[in-house]
Structures are given as C-alpha cells and as structure tokens.
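Below is one structure, written out as structure tokens; the observations come after it.
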Amino acid sequence: MGPNSQALKHRSSHDTEREFGGSLGAICIPILLPLTVLFLISVSRSPEASLLQFPPPLPSTNQLWDSLAPVLLVGWMSLHACLYLLPLGKVSEGLVLRDGKRLKYPINGFHGLCISGVLLLLLLMLGAPLGYLFELLLPLAVCAIGVSFLLSVYLYVRSFWAPHHALALGGNTGNPLYDFFIGRELNPRIGNFDLKYFCELRPGLIGWVVINLGMMMKEVELRGSPSLAMILVNCFQLLYVADALWNEEAVLTTMDIVHDGFGFMLVFGDLAWVPFTYGLQAAFLVVHPQALSSLGAAAIITLNGIGYYIFRKSNSQKNQFRRDPTHPSVARLETIATATGKRLLVSGWWGLVRHPNYLGDLLMALAWSLPCGFSHLLPYFYVVYFTVLLIHREARDEKQCRAKYGLAWDTYCRRVPYRIFPYIY
Ligand SMILES: NC(=O)C1=CN([C@@H]2O[C@H](COP(=O)(O)OP(=O)(O)OC[C@H]3O[C@@H](n4cnc5c(N)ncnc54)[C@H](OP(=O)(O)O)[C@@H]3O)[C@@H](O)[C@H]2O)C=CC1
Ligand SMILES: CC(C)=CCC[C@@H](C)[C@H]1CC=C2C3=C(CC[C@@]21C)[C@@]1(C)CC[C@H](O)C(C)(C)[C@@H]1CC3
C-alpha cells in the first residue's frame, strides 16, 4: 500500500469534500432528474417536441402507469442477474482495496448482450409486438425511477453494517441526504454478486439498445419500414454498448468503480437516466420522421467512425499501458515518472489532450444527434448534457490526479495544456 493510500485510509469524515453542489445538490438532484426523464420522454413524443414550449406537455396519470411495466422491468433485471451468475467468460480482479484485498468480477457482460439479442430475435419471430415499448416508455421510466429509489434506500441502510474500510471516502460525511445521494459503500455485494458492477453495464445499458429496437419496430408498424435516420441511431448506439461490454474489464479501473460509492446518483444514472435519456433520438424519430440523404448519412457515419476510433484507441492505449507498460504497442511512448512509481503518458493519444477518450465520446454523441436534423433541440439534449458531464468529470479526475501525482501532474499539464478539445479547452 503506497503512502497516498495510507493517508487516505486515515482521512476522517470531517475533511471529506462535498461534490455535486453538496447538500443542496443532494436534495435537488434526486427530485429534478427523475422529473427531467419524464419531461424529456413526454416532449419527444409531443407534436412540437419543443423543450421551450409552454405549458410543457405533461403526461396524464394513465400515460404514466401500465401494470405490464413493473413485470417487464423485474423480469429484465432478474434475467440479467441470472446471466451475471452464469459461469461464462473469465473472472478478473479489481484494483487493490484499502484493506489490501482485491475483489473478483465475472467478465461476461458481452455474453449477456448476445443472449439478450438471441432472446429478442426469438420473441420477434414469435410475433411479439416490440413496438409496444413506445407506449410503455413512460410507465417503464416511472418503474425504473421507483426501483432506483428503493435500491438506493437499501444500499444506504445496509452500509451501516459495512466495515469502515469498505466505505467510499467521499460518501461518509455524516449528512444522511448527501451520503444517500453520493453513496456510502464502495462495493456493496450480496455474496459474490457485486451490485454496482452489475448495474453499471448490464440492465440499463442493454435495456437502452432494446428500447431503441422497440422504437424502430414502432416506426415499422407506423410507416412500413425503418428510416435511414432510425437505422443509423440504432447501429451507432448498439456499437457503443457492444464496445462497452466487449471491454467490460476496463470498467474495473474507472472512477465509478474505484472511487465513487454506490448511492442514488449512480443507481439512478445506471438504471433510469442511461436507458431513458441516452436513446431519446430514437423516440423522437418515431413521431418526427426525418429525411436523410445518402451523402448526409455518409458524413455522419464518418463522424461516428472518427469519434469511435479516437475513443477506442485512446482508452485501449491507456489500459494497455496501465496493464503492461513494456508491451510493444506502448513501450516506445514518451512518459514521465511520478512519486507513486506509476508513469504518465505524455505522447501518443494522451499527449494530444489530457482526455482524448472524452473527445472521441463527444464526437460520437454529435453523430447520434445529427440524423435527427436541425429542426429541433431535443435530439441534441444528449450532446449538451454529455459535454457538461464530461467537463465536470474531467475536473473531478484532474483533482484526484493532482492529489495522487502532485508535481508530476503539473508537469503533465504543462506538457499537454489542453484538456479535451485541442487548442480550444
Ligand atoms: N457515456 C457516458 O455517459 C460516459 C462515458 N464515459 C467514458 O468512459 C471512459 C472512461 O472515462 P473515465 O472513467 O472518466 O476515466 P479515464 O478513462 O479518462 O481515466 C482517467 C484516469 O486515467 C489515468 N490517466 C490520466 N492521464 C493519464 C496519462 N497521461 N497517462 C496514463 N494514465 C493517465 C489516471 O488514473 P491512474 O493514473 O490512476 O491510472 C486518471 O485518473 C471515457 O471514454 C469516457 O468518455 C465516462 C462517463 C460517462
Ligand atoms: C445525470 C446523472 C444521474 C449522472 C450519473 C452519471 C452516469 C449516468 C454515468 C457515470 C459514468 C458512467 C459510465 C457509463 C454510462 C454512464 C455513467 C453510468 C459507461 C458505462 C458508458 C459506456 C462506456 O463505454 C463506459 C463503459 C466507458 C462508461 C463508464 C462510465
């Protein structure tokens, strides 16, 4: 255990800095974000689809509830819990924890995606009306929000039985609302079943592409065939989700798994925010069809390809370097030493900007919105939200890296002055 982890081990709850607006954020965000999800879905299906329309298109109570929704949601979560437990794929170890131990994680998310794909295909062949997901979107979102609250309460309560070393450093302030929001326990588990790791990639992320498929089937019901714009949105987002699950092991080193507790913010983010807001473009296209020329489509495919290339290459380069700095693909890159013994890349992708992976992700986000044309703001919600999220995340990561690497981090920042966008930011 290095000197930094020793120092962190002895940090008390009093010197824990509060993030996301502290107590005020912890009260407002759990109220406002669920309402935002319902608002955005309602806007996406209103004829105007305007984020600024007044009065806003509020859903009626019977649009919010369908008794099929909780059945589907519980069935979906249970299916993925079973797939998680199947002895498929390899088992990988996470980073060393404060008690010196390493947890084991099954790397079988991609199997989960493939099995879900086969099951959906069977359902379609049996004539299941997948397009009905369009009508079910609001009730499903309501249930996912409900499940997020219930799971967060369970996580908060059970965290009081967790040993001190199992708590997240930032989620143990003593303020119940803040700790509930940010998450007290770092890696809550039921036996070997890791709740945070499970929620991060499986039910929400795979649910997102299933919802997209449902929107495409609704379009087929309404117009006889899927539009080019709908096909592009479905393919781009499926590629993103498949990539995340194919590279599942890399999630074990993200700040969500390593640093953040599992509280309302991540639970809601994983189970409600991702599946119901990341695919708004597909929901929008059902009611607002867009004509897309072949040239336009080719330009958008190129943009998504460039974004994906930057995103994947930069993430893989860092992961490879962290796993084995002597590997031929990274051994020749220029690096700087840090006091912790770890080195920082200052050439290759990580010499271009300090977060090339965010740059690639943002280019893809833009490519997902462009098929929806320029007549409405709503399909661009994801680009705007994601830019804010990644700028904020970059600042959080920078703070953690400065605390970890001190002067070496300052040297890196001088060598690579731009954070995300070369010569801009
Ligand atoms: N779609 C979505 O909603 C979201 C997507 N993402 C995506 O997830 C991916 C992962 O992002 P995220 O978890 O934020 O973190 P990153 O993958 O960007 O990792 C940041 C860490 O990388 C290490 N690092 C930073 N600079 C260097 C360097 N020069 N050389 C070597 N190591 C370095 C540091 O950790 P250490 O030194 O300890 O190894 C740092 O803490 C990104 O592609 C992002 O776009 C993220 C959030 C939301
Ligand atoms: C507004 C709100 C509630 C924000 C919570 C943030 C979460 C939505 C995101 C935090 C980090 C995430 C990651 C992904 C999805 C969104 C959340 C959960 C991710 C799984 C998407 C796919 C990527 O390839 C990824 C695996 C790198 C990524 C990891 C971080």
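In listed order, ligands and their atoms are each counted from 1.
For ligand 1, the atoms closer than 4.0 angstrom to any heavy atom of Y412 are 29 (N). Atom numbering of ligand 1 starts at 1 in the shown order; those under 4.0 Å from a heavy atom of L389 are 48 (C). Annotation for ligand 2: atoms under 4.0 Å from non-hydrogen atoms of V274 are 8 (C), 16 (C). Every atom of ligand 1 is numbered from 1 in the order shown, and the set under 4.0 Å from a heavy atom of F311 is 43 (O).
Aromatic pair H392/F20: ring centres closer than 6.0 Å.
Contact annotation: Y382 has at least one heavy atom less than 4.0 Å from an atom of ligand 1. In this structure, D256 counts as a contact residue of ligand 2, since one of its heavy atoms falls inside 4.0 Å of the ligand.
Taking any N or O of Y405, backbone or side chain, at least one lies under 3.5 Å from an N or O belonging to ligand 1. Some N or O of L345 is nearer than 3.5 Å to an N or O of ligand 1, by distance alone.
Taking each of A250, G269, A244 in turn, the one with a heavy atom nearest to atom 24 (O) of ligand 2 proves to be A244. Looking at Y278, W246, W273 and measuring to atom 16 (C) of ligand 2, the nearest heavy atom belongs to Y278. Relative to atom 1 (C) of ligand 2, the option among L390, L201, D243, L33 with the closest non-hydrogen atom is L33.
Per-atom contact check: atom 9 (C) of ligand 2 does not touch the protein, criterion being a heavy-atom distance below 4.0 Å. Under the 4.0 angstrom criterion, atom 22 (C) of ligand 2 counts as having a protein heavy-atom contact.
Around the OH atom of Y423, the shell of radius 6.0 Å holds no more than 12 heavy atoms that belong to other residues, nucleotides or ligands.
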